[in-house]
Amino acid sequence: MAALTISRRELTQRTAFSLLVLATAIVTVPVLFIIIYIVVNGAGALSWEFLTQAPSQAGKAGGIFPAIVGTFYLMLGTIIFSLPVGVLAGIYLTEYARANWLTRLINMAILNLAGVPSIVYGLFGLGLFVLAMKFGMSLLAASLTLACQALAMTITTSREAVIAVPREYREGSLAIGTTKWQTIRHVILPQALPGVITGAILAMSRAAGETAPILVVGAAFILPGLPTSPFDQFMALPYHLYTAAAHVPGMSKVTIWGIALVLLVVVLSFNSLAVFIRIRVRQRRFGS
Amino acid sequence: MAIASAGLSKSLRRRWRFSEKLIESFILLNGLLAIIVLLGVLFLLLREGLPAFAYTSPWQFFFGTRWYPVSEPPTFGILSFFMATLWVTLIATAIAVPLGVGCAAYLAEVAPASVRETVKPIVELLAGIPSIVMGLIGLLLLSPLVQGLFNLNTGLCGLTAAIMLAMMSLPIIVTVSEDALRAVPKEFREASYALGATQWETVWHVCLPGALSGIAAAIMLGVGRAIGETMTVLMVAGGALAVPYAPTQPMMPMTAAIASGIGNAVRGGPQYQALFAIALLLFLMTFAVNLVADRVLERQKRKFAR
Amino acid sequence: MNMNHALLNNRAAHNNETKLKTEQVSLFYGTFQALRNISLDIREKAITAIIGPSGCGKSSFLRLFNRMNDLIIGARVDGRVVIDDTNIYDRDIDVVELRKRVGMVFQKPNPFPMSVLENVAFGPRRHGKKNRHELEGIVERSLRQAALWDEVKDKLGQSALALSGGQQQRLCIARVLAVEPEVILMDEPCSALDPIATLRIEDLMRSLSSDYTIVIVTHNMQQAARVSDMAAFLMMEKDRAGILVEYGPTSQIFTNPQDKRTEDYITGRFG
Ligand SMILES: Nc1ncnc2c1ncn2[C@@H]1O[C@H](COP(=O)(O)OP(=O)(O)OP(=O)(O)O)[C@@H](O)[C@H]1O
Ligand SMILES: [Mg+2]
């Protein structure tokens with residue numbers, strides 16, 4: 001009898017664990033499938049011409065060079081507008097803020113900024129940067145919009161990086177009569193830099209893949225040339241992919257998967273770079 | 001000596017460090033920026049969205065089923081969009097929660113380190129795939145599958161969108177649930193084993209209940225993600241304007257309605273304002289979900305804090 | 001007692017000026033009182049040791065003199081702390097300027113993750129010295145003063161974190177010396193070091209005491225006896241607030257304490 005009970009419990013456990021393994025497999029296998037599928041189907045489109053030429057015949061021929069360039073401009077613009085601000089906000093929260101209602105309010109705001117849907121950021125950018133500030137449908141307006149969206153991330157990652165700097169360094173610096181800002185500038189920031197950069201790269205990677213905001217703020221499907229000023233319209237990979245897939249009849253599948261592959265490579269290589277830096281920093285901090 | 005001390009005491013008086021003060025105020029300003037942006041978003045949505053109610057009563061807006069932006073006079077009823085969002089979010093959550101929590105439980109409690117080291121990067125990878133790419137997968141690969149499986153007229157429907165959304169909310173559900181499970185103190189598990197419980201009984205009766213509020217927060221964050229996701233539902237959900245009665249119907253969630261309408265809307269016109277009103281609703285919904293999730297998460301953290 | 005009386009007694013007072021003093025100082029962390037009504041005169045160019053049981057407020061007391069407690073939210077000071085003629089808790093005191101004059105060395109060596117040279121040059125640089133030649137001069141002088149020059153003169157460009165613990169602590173002392181303070185506070189500067197490194201730091205303290213006013217917190221009775229000219233014994237009252245029990249020349253505190261509680265502590269720890 002006793003033996004029977006135990007084996008039933010054992011059976012329950014085995015069944016349960018198999019289900020957990022099954023869940024894990026259902027979570028992970030499709031991811032690998034997606035990646036492999038895109039690589040396999042998109043690789044055929046890749047060529048020197050595809051990567052370096054402008055599109056022609058409504059994107060059915062030619063390449064995606066302007067979209068690649070536009071995406072890099074967007075990543076750059078996003079980080080230019082969101083990183084300094086994010087770092088300073090992170091510094092404020094760790095070095096200056098007291099534990100009071102204002103700080104709680106700021107933290108709540110950051111949390112909610114991270115949760116605002118991207119399309120809502122798009123409308124915000126349209127209303128504020130495109131229309132009210134009259135930047136028009138431009139690289140500048142889109143960068144600012146994406147920067148607002150990236151803000152939550154740059155603030156949080158900078159804050160974590162600054163918090164991780166040991167207190168001893170702050171005390172050592174302050175104790176020889178440096179000002180608070182000197183301590184931050186010359187001791188804390190250099191130490192926090194790898195963490196800050198990791199966050200920045202992640203934010204850039206995210207910006208590269210965003211579609212909804214730039215759809216609203218005005219990316220173009222086809223443009224004759226590259227943008228020459230921040231006030232120019234621009235092409236971007238995700239928007240180009242969207243239009244090619246959803247709005248151009250008769251678009252070849254190979255081209256579509258090719259664009260997806262390029263976008264994926266840009267986004268995932270930035271992600272891996274961030275992970276790489278994070279691991280390196282951890283090794284350096286705990287290794288020696 | 002006296003002279004020296006006098007000199008010293010004089011120089012100890014506070015100096016006006018102008019640049020330091022300037023920098024400090026500037027840093028404070030940046031610290032406030034999160035609040036400024038959030039309020040800015042809210043303000044803009046209110047300013048552009050509220051005038052919509054001059055054309056439509058709130059009742060008509062929320063419960064009207066007809067969205068005729070260009071007829072004279074225009075009608076803006078968003079019930080079908082709202083229902084569509086509800087359908088896809090509910091189904092996505094129903095799919096993602098068992099998978100996500102199961103995966104998290106496996107990673108946190110059962111999996112050997114080597115499996116965990118392989119699975120976690122894959123989950124991170126999933127989090128990194130842009131939503132437009134997921135939309136593409138739904139559009140080109142999943143929808144024919146769903147169409148064939150359920151014998152539908154079109155595979156572009158709520159269900160297909162929901163499956164893609166489920167995938168997209170999995171990373172946050174897995175990560176936050178796993179953290180919550182890990183936060184359950186080791187002593188609880190040991191006590192359970194000491195009473196003769198099996199590993200699974202310990203997971204089921206001790207770890208999962210202990211991490212419940214964290215898992216609840218994870219689910220809410222996943223829901224927030226699903227509500228706000230745009231590109232996938234725009235490409236995959238089918239875009240029909242009628243109120244959806246079944247998940248297998250084509251439908252138009254709120255985010256998709258905004259994205260597909262904003263390009264044609266006359267700036268400052270009635271449709272433009274109505275779209276901003278939808279965005280306002282969306283903003284408030286995700287705001288509420290995130291706020292509650294944060295509260296729950298805080299409680300979870302405090303539970304085991306010693 | 002296996003103590004060397006000659007060593008204790010040779011601390012002839014060479015200077016009787018008061019450099020620092022506390023007048024009825026109380027320190028609170030929020031509602032908790034960490035120090036109660038402490039009045040103490042600290043002599044210029046001498047070494048004053050603060051001793052007492054763990055948690056009695058020695059570190060807190062030391063950190064009064066460079067207002068390091070300001071960094072702790074909720075910390076409050078009553079009474080006066082005077083350097084020369086100035087109450088450093090006056091409202092118009094410049095804390096940055098104060099900390100230039102009152103340097104501090106911590107329990108755990110905390111060199112910055114920079115080169116040896118940059119560590120020592122850090123303070124002077126922040127205080128506006130930019131000339132490379134001048135900075136190098138300051139670095140060499142400070143390292144020599146800290147008895148570290150010979151050991152590091154060939155690796156000034158290397159990371160300070162590669163030095164041994166004792167070298168790191170002397171580097172931290174050099175870093176303080178480079179800003180030419182008048183007072184040096186040391187909070188258990190040897191507690192993380194081995195005995196040989198400890199002796200080197202003690203030698204260093206003795207040699208610095210002819211130019212600097214030094215206040216040191218230590219748990220090590222032998223160390224207090226070996227290096228200090230004056231000693232103050234702190235202790236906790238029932239509510240855990242620290243009070244000053246006895247203060248006097250080190251030889252007297254260790255050989256002929258006036259207070260029963262000092263004697264108990266000294267003999268319990270020392271005999
Ligand atoms: N930041 C703080 N906030 C609240 N209480 C504190 C803080 N720092 C110290 N205390 C309390 O003040 C009292 C004195 O602490 P302090 O560190 O000055 O003692 P100490 O004599 O240096 O101890 P030790 O010999 O262990 O270093 C202790 O009861 C301690 O708990
Ligand atoms: Mg101490």
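None of these values were measured; they are calculated from a predicted model.
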**OP:** Pick one of side chain, backbone, both or neither for A/I259, based on which atoms fall under 4.5 Å of a heavy atom in chain B.
**Re:** neither
Subject >> Part of A/I119 within contact of chain B (heavy atom distance under 4.5 Å) >> reply: both
Original post:
Checking A/N112 against chain B: side chain, backbone, both or neither under 4.5 Å from a heavy atom?
Top reply: both
Subject >> Top of A/V87, A/N107, A/I91, A/L268 for chain B proximity - count of heavy-atom pairs under 4.5 angstrom >> reply: A/L268
**OP:** Pick one of side chain, backbone, both or neither for A/I110, based on which atoms fall under 4.5 Å of a heavy atom in chain B.
**Re:** both
**OP:** Heavy atoms only: give me the nearest B/M167-A/P30 pair and the separation to one decimal.
**Re:** CE-CB, 3.8 Å
**OP:** Below 4.5 Å from any heavy atom of chain B, which atoms of A/I106 appear? Answer side chain, backbone, both or neither.
**Re:** both
Original post:
Roughly how far, to the nearest 0.5 Å, is the OH atom of A/Y239 from the CD1 atom of B/I132?
Top reply: 10.0 Å
Original post:
Which answer fits A/K180, side chain, backbone, both or neither, if we ask what part of it has an atom under 4.5 Å from a heavy atom of chain B?
Top reply: both
Original post:
Which of these passes side-chain contact (heavy atoms from CB on, under 4.5 Å) with A/L113: B/L33, B/V37, B/I35, B/N290?
Top reply: B/V37
Original post:
Contact part of A/V267 toward chain B, heavy-atom cut-off under 4.5 Å: side chain, backbone, both or neither?
Top reply: side chain
Original post:
Where does B/L44 contact chain A at under 4.5 Å (heavy atoms): side chain, backbone, both or neither?
Top reply: side chain
Subject >> Heavy-atom proximity to chain A below 4.5 Å, by part of B/I262 >> reply: side chain
Original post:
So which part of A/V275 gets closer than 4.5 Å to some heavy atom of chain B, the side chain, the backbone, both or neither?
Top reply: side chain
Subject >> Residue part contacting chain B, namely of A/L123, when any heavy atom lies under 4.5 Å >> reply: both
Original post:
So which part of A/I35 gets closer than 4.5 Å to some heavy atom of chain B, the side chain, the backbone, both or neither?
Top reply: side chain
Original post:
Considering only heavy atoms, which portion of A/L105 lies under 4.5 Å from any heavy atom of chain B: side chain, backbone, both, or neither?
Top reply: both
**OP:** Under 4.5 Å heavy-atom distance to chain B, tell me which part of A/T211 shows up: side chain, backbone, both or neither.
**Re:** both
Original post:
Checking B/V110 against chain A: side chain, backbone, both or neither under 4.5 Å from a heavy atom?
Top reply: side chain
Subject >> Point-to-point distance, once rounded to the nearest 0.5 Å, from OG1 of A/T12 to CH2 of B/W200 >> reply: 9.5 Å
**OP:** Identify which of A/V216, A/L19, A/V31 forms the greatest number of heavy-atom pairs closer than 4.5 Å to chain B.
**Re:** A/V31
Original post:
Got a salt bridge between A/R278 and B/E124, using NZ or NE/NH1/NH2 to carboxylate O under 4.0 Å?
Top reply: yes
Original post:
Which atoms of A/Y242 come close to chain B, meaning under 4.5 Å heavy atom to heavy atom: side chain ones, backbone ones, both, or neither?
Top reply: both
Original post:
Given that the side chain runs from C-beta out, which part of B/L234 has a heavy atom under 4.5 Å from chain A: side chain, backbone, both or neither?
Top reply: side chain
Original post:
Under a 4.5 Å heavy-atom cut-off, does chain A meet the side chain of B/L28, its backbone, both or neither?
Top reply: both
